Amino acid sequence: GYGPGQSGGAGGVAGLTLVDSFVGDRYLTGVLQGGLGGNGFELANGGRGGDAYQAATLNLPPFLGSVNLTRQSYGGQCGSSWGGIPGAGGNAESVIYYTTNADIPLRINVAAMGGQGGAGYDATSGTASAGRDGGYAWAVVDATSSGPASRSLGPVGALATVYHDGFGG
């Protein structure tokens, strides 16, 4: 965007939902990136980074095979501003709900990273001014086995990182 009262465009939102019941080896991967917010020039505000949301709900019947699940969501970086207000970073969410009564090898990787906050600059001098916060990140794994207690689902892990880098004065 250009000029007072204007703003750079907001980044696009990305979303994915998977619901699956299946048999056999599975490798399910979902990677999403929210859109980049536009910059604001000559007193215009920066655009907000796009959000990235994804969820998977899996119900596995007994079968022979292994399961490898990967979900990664990255919030979009927002726009910077010269003389206006920088945009906020996009949010990111990755969620997996998993149930089985089978004794199978299982690997789950979930990651979420909020988008970078926008930088602020003085419209005249170009020196750094106050920036904006990065987006939040949320990652969840909920794995349940209704089989005998002696069965193991193997390692289940989740990683959540918030990237907060709206630099400025």
Side-chain angles (χ1 to χ4, degrees), residues 1-20 26-58 67-99 106-144 155-169:
Y2 290 89
Q6 301 299 313
S7 294
V13 175
L16 171 68
T17 300
L18 170 68
V19 178
D20 199 358
R26 289 293 196 174
Y27 296 86
L28 302 171
T29 301
V31 179
L32 294 179
Q33 170 73 54
L36 177 66
N39 290 323
F41 299 97
E42 298 177 15
L43 306 178
N45 299 325
R48 186 180 186 290
D51 297 330
Y53 301 104
Q54 61 178 317
T57 301
L58 304 161
V67 176
N68 294 278
L69 305 172
T70 300
R71 287 286 176 265
Q72 299 173 346
S73 295
Y74 302 97
Q77 179 179 343
C78 64
S80 297
S81 177
W82 283 260
I85 300 170
N91 301 319
E93 294 184 10
S94 292
V95 181
I96 292 180
Y97 298 104
Y98 172 88
T99 59
L106 170 66
R107 169 173 262 164
I108 297 177
N109 296 300
V110 177
M113 182 179 290
Q116 179 179 356
Y121 301 98
D122 182 89
T124 305
S125 68
T127 58
S129 61
R132 282 290 292 273
D133 291 343
Y136 77 83
W138 184 46
V140 175
V141 174
D142 183 353
T144 305
V156 176
L159 167 69
T161 303
V162 176
Y163 184 46
H164 175 93
D165 191 16
F167 59 89

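For clarity, every value in this text was computed on a predicted model and none was experimentally measured.
The shortest heavy-atom contact between G126 and Y121 is O-CD2, 3.5 Å. Annotation for G47 and C78: closest pair O-CB, 3.2 Å, computed over non-hydrogen atoms.
Partners of S7 by side-chain contact (heavy atoms from CB on, under 4.5 Å), not counting sequence neighbours, listed by chain and number: N45. With sequence neighbours excluded, the residues that form a side-chain hydrogen bond (donor to acceptor under 3.5 Å, both in side chains) with S94 are S73. Judged as a side-chain contact (heavy atoms from CB on, under 4.5 Å), and not counting sequence neighbours, the contacts of S125 are D122, T127. Scored by the side-chain contact (heavy atoms from CB on, under 4.5 Å) test, V13 finds D51, Y53 as partners (sequence neighbours excluded).
The distance from atom CE of M113 to atom CD of Q72, rounded to the nearest 0.5 Å, is 9.5 Å.
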Pairs of donor and acceptor atoms involving the side chains of residues 86-93, under 3.5 Å and at least two apart or interchain, shall be tabulated with distances.
unit_1: N91; atom_1: OD1; unit_2: Y136; atom_2: N; d: 2.9
unit_1: E93; atom_1: OE2; unit_2: Y136; atom_2: OH; d: 2.5

With a 3.5 Å cut-off and sequence neighbours excluded, list the donor-acceptor pairs that the side chains of residues 30-41 form with protein atoms.
unit_1: Q33; atom_1: NE2; unit_2: G75; atom_2: O; d: 3.3
unit_1: N39; atom_1: OD1; unit_2: S80; atom_2: N; d: 2.8

Next on the checklist: If you apply the rule side-chain contact (heavy atoms from CB on, under 4.5 Å), what do you find for V95 with Q54, and how did you get there?
Outcome noted: CA-CA 6 Å; V95 181; Q54 61 178 317; over 6 Å; no
